[in-house]
Protein chains: 2
Amino acid sequence: MQETAPFASYASGITASHRELLDQVLDKWSLQVMEELCEQPQRFNELRRAIPVVTQKSLTAALRRLERNGMVERVVTSTRPIAVEYRITALGKTLQDLIDALLRWTTDNMDGVERARERYDGEN
Amino acid sequence: MQETAPFASYASGITASHRELLDQVLDKWSLQVMEELCEQPQRFNELRRAIPVVTQKSLTAALRRLERNGMVERVVTSTRPIAVEYRITALGKTLQDLIDALLRWTTDNMDGVERARERYDGEN
DNA sequence: CAGCATCCGCCGCGATACTG
DNA sequence: CAGTATCGCGGCGGATGCTG
């Protein structure tokens, strides 16, 4: 509840809540998870196999966060043992293009970044 | 393109280095900083005033990181006292549209997310 | 003006063990 | 199968104080 600063205000109005939302949604594992779920709904362990390096604690945390923010839906089937399926929501879908764009950006510019790093590291 | 993994491979090939790059570039303050510098080159303290909540340690760290990744250029003028100007690089400019899109996404969907959070928090 | 140094708390993330 | 519980660490970020 940022009373708008009397003077400057941010460039295009990025606020704390904006940043917070992006933090929640762009955290370490969320991108992969959403990518996976955009392709098809998946069970918990399917996601683990699809993203082999994630620990299940982190995966759980990412899913909970995404669920809380309305990006992912958790569907429980009370069989025995229970089955849980995660699927992307309509709200989550609105991020898909952006995620794809981000990934494309990284692949397109990885080389340039790499060179910049070498230059920087070399000079110091 | 990096050799596709023999088995699963990620959905669209997000790798550790991709994630790492995004982490460097989308960290807590980088977005605001790049936003500011996309508008115009700015001095260190100008940035501080433009983003009043950032501490200078964090601002320094963000600038260093952005510089190392080739997104921002640090121009030192050896007057007395010295002046340092930061400006966006060509590589950095390639991110501008994405940043804008991310910000637009947050403003457009903040309400939906808010409702999702209330629903989620209410149920537990 | 543009930082660096230090201390310190928080939490993201991993590793490991256990459960309905 | 789909988690929860606990421990521990490393690193980010804030607060404060000092400097060429």
Side-chain angles (χ1 to χ4, degrees), chain A residues 2 14-33 36-37 41-69 72-87 120 123-124, chain B residues 14 16-33 36-37 41-69 72-87 120 123-124:
Chain A
Q2 47 274 45
I14 187 171
T15 69
S17 44
H18 291 149
R19 265 274 11 133
E20 193 220 343
L21 175 50
L22 289 177
D23 281 341
Q24 300 257 318
V25 157
L26 300 183
D27 78 325
K28 185 166 185 186
W29 299 111
S30 299
L31 290 188
Q32 279 104 312
V33 169
E36 283 294 328
L37 295 182
Q42 283 181 70
R43 313 262 304 258
F44 186 81
N45 281 337
E46 289 179 307
L47 283 171
R48 288 195 68 184
R49 282 187 290 274
I51 312 171
V53 282
V54 72
T55 63
Q56 113 278 56
K57 177 186 174 185
S58 299
L59 180 57
T60 304
L63 286 167
R64 289 287 176 281
R65 201 161 29 233
L66 289 173
E67 190 194 355
R68 188 173 109 89
N69 287 284
V72 154
E73 189 185 5
R74 185 167 177 273
V75 185
V76 182
T77 312
S78 306
T79 51
R80 178 218 30 137
I82 78 172
V84 179
E85 194 180 67
Y86 292 93
R87 55 183 65 180
Y120 183 93
E123 282 172 6
N124 305 348
Chain B
I14 189 172
S17 43
H18 291 149
R19 266 274 9 133
E20 193 220 343
L21 176 51
L22 288 178
D23 281 341
Q24 300 257 317
V25 158
L26 300 182
D27 78 325
K28 186 166 186 189
W29 300 111
S30 299
L31 290 188
Q32 278 104 312
V33 170
E36 284 294 328
L37 295 183
Q42 282 180 69
R43 311 260 306 257
F44 187 81
N45 281 338
E46 288 180 308
L47 284 171
R48 288 195 68 183
R49 282 188 291 274
I51 313 170
V53 282
V54 72
T55 63
Q56 139 247 73
K57 177 187 173 183
S58 299
L59 180 55
T60 303
L63 286 167
R64 290 288 175 280
R65 200 162 28 234
L66 289 174
E67 190 194 354
R68 187 174 110 87
N69 287 284
V72 154
E73 188 185 4
R74 186 167 177 274
V75 185
V76 182
T77 312
S78 305
T79 51
R80 179 220 32 160
I82 78 170
V84 179
E85 193 179 69
Y86 292 93
R87 55 183 63 180
Y120 184 93
E123 282 171 6
N124 304 348

Could you go through A/Val54 and A/Leu47, starting from their C-alpha distance and side-chain angles, then the distance that decides it, and tell me whether this counts as side chain to side chain contact (heavy atoms under 4.5 Å, CB included)?
CA-CA 9 Å; A/Val54 72; A/Leu47 283 171; over 6 Å; no

Can you tell me if the side-chain N/O atoms of [X] get under 4.0 Å from OP1 or OP2 in [N]?
{"X": "A/Arg43", "N": "D/dC1", "answer": "no"}
{"X": "B/Arg19", "N": "C/dC13", "answer": "no"}
{"X": "B/Tyr86", "N": "C/dC1", "answer": "no"}

Measuring from [X]:[atom1] to [Y]:[atom2], what's the distance to the nearest 0.5 Å?
{"X": "A/Gln24", "Y": "A/Leu66", "atom1": "CD", "atom2": "CG", "value": "9.0 Å"}
{"X": "B/Ile82", "Y": "B/Arg80", "atom1": "CD1", "atom2": "CZ", "value": "12.5 Å"}
{"X": "A/Asp23", "Y": "B/Asp27", "atom1": "CG", "atom2": "CG", "value": "9.0 Å"}

What is the distance, rounded to the nearest whole Å, between atom [atom1] of [X] and atom [atom2] of [N]?
{"X": "B/Arg48", "N": "C/dC4", "atom1": "CZ", "atom2": "P", "value": "13 Å"}
{"X": "A/Arg49", "N": "D/dA2", "atom1": "CZ", "atom2": "C1'", "value": "12 Å"}
{"X": "B/Asn45", "N": "C/dG3", "atom1": "CG", "atom2": "P", "value": "9 Å"}
{"X": "B/Phe44", "N": "D/dG20", "atom1": "CZ", "atom2": "C1'", "value": "15 Å"}
{"X": "A/Ile82", "N": "D/dC1", "atom1": "CD1", "atom2": "P", "value": "12 Å"}
{"X": "B/Leu63", "N": "C/dC4", "atom1": "CG", "atom2": "P", "value": "10 Å"}
{"X": "A/Asp23", "N": "C/dC11", "atom1": "CG", "atom2": "C1'", "value": "12 Å"}

With heavy atoms under 4.0 Å as the rule, sort A/Arg64 into base, sugar-phosphate or nothing.
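Sugar-phosphate, backbone atoms only, no base.
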
Indicate, with a heavy-atom threshold strictly under 4.0 Å, whether B/Arg80 touches base, sugar-phosphate, or nothing.
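Touches nothing.
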
Is the side chain of [X] donor-acceptor paired with the backbone N or O of [Y] at a distance under 3.5 Å, no angle test?
{"X": "A/Thr60", "Y": "A/Gln56", "answer": "yes"}
{"X": "A/Arg19", "Y": "B/Trp29", "answer": "no"}
{"X": "A/Glu36", "Y": "A/Ile51", "answer": "no"}

Is the base of C/dC1 touched by the side chain of B/Glu46 through a donor-acceptor pair closer than 3.5 angstrom?
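Answer no: no donor N or O sits under 3.5 Å from an acceptor.
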
Verify whether one side chain among A/Thr77 and A/Thr79 offers a donor that lies under 3.5 Å from an acceptor in the other.
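There is no such pair between these side chains.
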
Along DNA chain D (nearest heavy atom to each residue), the more 5'-positioned of A/Pro81 and A/Gln56:
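So the residue in question is A/Pro81.
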
Net bend of the helix from C/dC1-D/dG20 to C/dG20-D/dC1, end axes of five pairs each, nearest 10 degrees
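Answer for the end axes of this duplex: 50°.
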
Measuring only between side-chain heavy atoms, which start at C-beta, is B/Arg64 closer than 4.5 Å to B/Arg74?
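Yes - at least one pair of side-chain heavy atoms lies under 4.5 Å apart.
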
Grab the N/O contacts between the protein and nucleotides 9-14 of chain D below 3.5 Å, and write none if there aren't any.
| residue | atom | partner | partner atom | Å |
| --- | --- | --- | --- | --- |
| D/dG13 | N7 | B/Lys57 | NZ | 3.3 |
| D/dG13 | O6 | B/Lys57 | NZ | 3.2 |
| D/dG14 | OP2 | B/Thr55 | OG1 | 3.4 |
| D/dG14 | OP2 | B/Ser58 | OG | 2.6 |
| D/dG14 | O6 | B/Lys57 | NZ | 2.5 |

